[in-house]
Enquirer: 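So that we are looking at the same thing, I have put the structure below in structure tokens.
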Amino acid sequence: MLIGICGSKCAGKSTVAQYLVEHHGFQRLRLSAPQDSNGTVSSSELTEESSPSDPAEQIPAPSKPSPPAHSFTSATDLLDFVTKYWRSRWVTTDIHDEAVLDILSRRPFFILVSVDAPIVIRWRRYQARSSSSSSSCAGSSSSPPSSLCASLEEFIAESDDHLYSGSSGVLPLISRATVRLLNTSSSLAHLYATLGKLDLTNPERLRPSWDNYFMSLASLAAQRSNCMKRAVGCVLVGRERRVISTGYNGTPRGIRNCGEGGCARCNAGMGSGAALATCLCLHAEENALLEAGRERIRDGSVLYCNTCPCLTCSIKIVQVGISEVVYSQGYSMDGETAEVFKSAGVKLRQFSPPANGLIHLEKMDLY
């Protein structure tokens, strides 16, 4: 497994990497930063990642020395190395640009994580690190690096360049991250606890489980919905994990699409469950069952739906002999549907995938 970490200046990239090293046995990989025509490192690369730990983040000293990081001069060399040892755990914060990301993304064992924080919080971390560096230089003839002595205005300018530079800005990288962490935590213990609950090393992040795979197909089917009320998608799967049929909600063939005014009830903005007898839209589950036909549904068939089936659909699901229903989002009739399935012996469960997208670490529920 290879985790790449990108993000804004002083957001905590090194801290997340250090957490993976200390708590999950990851090893650091270093990739040389690109140089300009004068042979100097780009200013956007002068971040806290230039050192293995950040005093402002209060990273504790490890109980034993960390293994030396493996260093590479090109992303291709780094990728070739990890490919040989992909079963081990690797982490790098040296995702310099999209060219590097494109190379690393070729492999199925790679995942990109971004780390960000409000600029006020990042400035405070920057100040703390600057003060620490100044103190460490007080008893020596050397002076602290100029990159650690910037004013707030200079810090903002450098941060903006790091994010938005047309040639080396990391904002395009952040937008492609599978997991986007918002790190506003001031406590290392809290940060580590929330990262532990997030379960970044879950193998389902690399290769979706069957539940994740079929629910993704159901969500994709939902994008074809033409219903004004909500987009619902459904996938009917056989006992051998073969797709039998798919469905999405909308008006029947030959009738104008709901989104074009075909269903008066939906276009009138009726509340959930109201005036269903006048609705012309077929539900995603109904379309999937009609497409499959009773003869193709066998014992052990599973219905995946991005929304819990309504009461009317639940009766039809029971009738055709579906053994299990897996859903993602709740619906106003969940209680009634659950009772029908319980009485008929149909298993009902909600799908809970590993958290992706934007995750505010400070607000994560630890319990």
Side-chain angles (χ1 to χ4, degrees), residues 199 202-204 207-225 227 229-253 265-266 270-356 365 367:
D199 194 14
N202 190 324
E204 288 190 27
R207 189 185 188 206
S209 65
W210 286 111
D211 277 356
N212 205 329
Y213 174 68
F214 291 126
M215 195 61 73
S216 296
L217 293 180
S219 297
L220 180 62
Q223 295 181 27
R224 284 289 303 165
S225 169
C227 181
K229 296 293 289 183
R230 71 174 70 213
V232 181
C234 176
V235 174
L236 184 57
V237 180
R239 185 168 49 191
E240 297 179 350
R241 296 195 178 105
R242 294 182 178 179
V243 174
I244 298 175
S245 63
T246 64
Y248 55 86
N249 58 328
T251 48
R253 66 178 63 187
R265 180 260 177 186
C266 290
M270 295 287 184
S272 179
L276 290 178
T278 65
C279 184
L280 298 183
C281 289
L282 285 166
H283 290 192
E285 301 93 323
E286 292 175 313
N287 274 323
L289 296 178
L290 287 170
E291 177 69 21
R294 180 67 183 88
E295 68 280 357
R296 296 174 61 193
I297 300 174
R298 300 287 185 269
D299 291 341
S301 296
V302 181
L303 185 144
Y304 288 86
C305 194
N306 70 332
T307 305
C308 186
C310 69
L311 182 60
T312 302
C313 285
S314 67
I315 298 171
K316 297 172 183 177
I317 290 169
V318 169
Q319 180 65 14
V320 298
I322 300 295
S323 299
E324 182 178 9
V325 173
V326 184
Y327 70 97
S328 179
Q329 305 171 26
Y331 187 52
S332 59
M333 300 180 185
D334 288 7
E336 294 92 334
T337 294
E339 284 297 323
V340 169
F341 287 152
K342 182 178 179 180
S343 299
V346 177
K347 183 178 179 181
L348 175 68
R349 60 185 174 89
Q350 187 169 13
F351 171 62
S352 299
N356 283 334
D365 182 10
Y367 306 101

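In what follows, residues are counted from 1 in the order of the sequence shown. Since we're looking at a predicted model, the values are computed, not measured.
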Enquirer: When you look at Ser301 and Ser323, which way does the side chain to side chain contact (heavy atoms under 4.5 Å, CB included) test go after all the steps?
Expert: CA-CA 6 Å; Ser301 296; Ser323 299; 5.6 Å; no
Enquirer: Does the side chain of Thr251 come within less than 4.5 Å of Leu282's, by heavy atoms?
Expert: no
Enquirer: Just to verify, which of Val325, Ile315, Asp334 counts as forming a side-chain contact (heavy atoms from CB on, under 4.5 Å) with Pro309?
Expert: Val325
Enquirer: List the residues meeting side-chain contact (heavy atoms from CB on, under 4.5 Å) with Val340, not counting sequence neighbours, and say none if there are none.
Expert: Leu311, Ser314, Val318
Enquirer: Just how far is it from atom OH of Tyr327 to atom CG of Asn306, taken to the nearest 0.5 Å?
Expert: 12.5 Å
Enquirer: Kindly indicate, with the supporting measurements, whether the criterion salt bridge (charged side-chain N to carboxylate O under 4.0 Å, His left out) is fulfilled by Arg349 and Glu324.
Expert: CA-CA 8 Å; Arg349 60 185 174 89; Glu324 182 178 9; 2.4 Å; yes
Enquirer: Under the side chain to side chain contact (heavy atoms under 4.5 Å, CB included) criterion, do Ile322 and Val320 qualify, and how do the steps go?
Expert: CA-CA 6 Å; Ile322 300 295; Val320 298; 3.7 Å; yes
Enquirer: What distance separates Met215 CE from Cys305 SG, expressed to the nearest 0.5 Å?
Expert: 7.5 Å
Enquirer: First locate atom CG of Leu289, then atom NZ of Lys316, and finally report the distance between them rounded to the nearest 0.5 Å.
Expert: 8.5 Å
Enquirer: Taking atom CG of Leu290 and atom CD of Glu285, what is their separation to the nearest 0.5 Å?
Expert: 11.5 Å
Enquirer: Among all residues two or more places apart in sequence or in another chain, which pass the side-chain contact (heavy atoms from CB on, under 4.5 Å) test with Ala338?
Expert: Leu348
Enquirer: Throw together a table of side-chain donor-acceptor distances under 3.5 angstrom for residues 234-249, partners on residues two or more places apart or in other chains.
Expert:
| residue | atom | partner | partner atom | Å |
| --- | --- | --- | --- | --- |
| Ser245 | OG | Ala288 | O | 2.7 |
| Asn249 | OD1 | Ser225 | OG | 2.8 |
| Asn249 | OD1 | Val232 | N | 3.0 |
| Asn249 | ND2 | Arg230 | O | 2.8 |

Enquirer: Can you tell me how far apart CZ (Arg207) and CG (Asn202) are? Round to the nearest 0.5 Å.
Expert: 14.0 Å
Enquirer: Looking at every non-hydrogen atom in both residues, tell me the closest pair between Arg294 and Gln319 and how far apart they are.
Expert: NE-O, 4.1 Å
Enquirer: Roughly how far, to the nearest 0.5 Å, is CD of Glu336 from OG1 of Thr312?
Expert: 10.5 Å
Enquirer: Is there side-chain contact between Thr337 and Cys308, with at least one heavy-atom pair below 4.5 Å?
Expert: yes
Enquirer: Using a 4.5 Å cut-off on heavy atoms from C-beta on, say whether the side chain of Cys310 contacts that of His283.
Expert: yes
Enquirer: Ser216: what forms a side-chain contact (heavy atoms from CB on, under 4.5 Å) with it, not counting sequence neighbours?
Expert: Asn212
Enquirer: Any chance CD of Glu204 has more than 12 other-residue heavy atoms, nucleotides or ligands included, within less than 6.0 Å?
Expert: yes
Enquirer: Evaluate side chain to side chain contact (heavy atoms under 4.5 Å, CB included) for Cys313 paired with Glu286, printing each intermediate quantity in order.
Expert: CA-CA 7 Å; Cys313 285; Glu286 292 175 313; 3.9 Å; yes
Enquirer: Quick one: list whatever passes side-chain contact (heavy atoms from CB on, under 4.5 Å) with Glu339, sequence neighbours left out.
Expert: none
Enquirer: Does Tyr213 OH have over 12 foreign heavy atoms under 6.0 Å away?
Expert: no
Enquirer: Can you list everything that forms a ring pair (Phe, Tyr, Trp, His ring centres under 6.0 Å) with Tyr304? Sequence neighbours excluded, please.
Expert: Phe214
Enquirer: Under the side chain to side chain contact (heavy atoms under 4.5 Å, CB included) criterion, do Lys229 and Arg265 qualify, and how do the steps go?
Expert: CA-CA 10 Å; Lys229 296 293 289 183; Arg265 180 260 177 186; 4.0 Å; yes
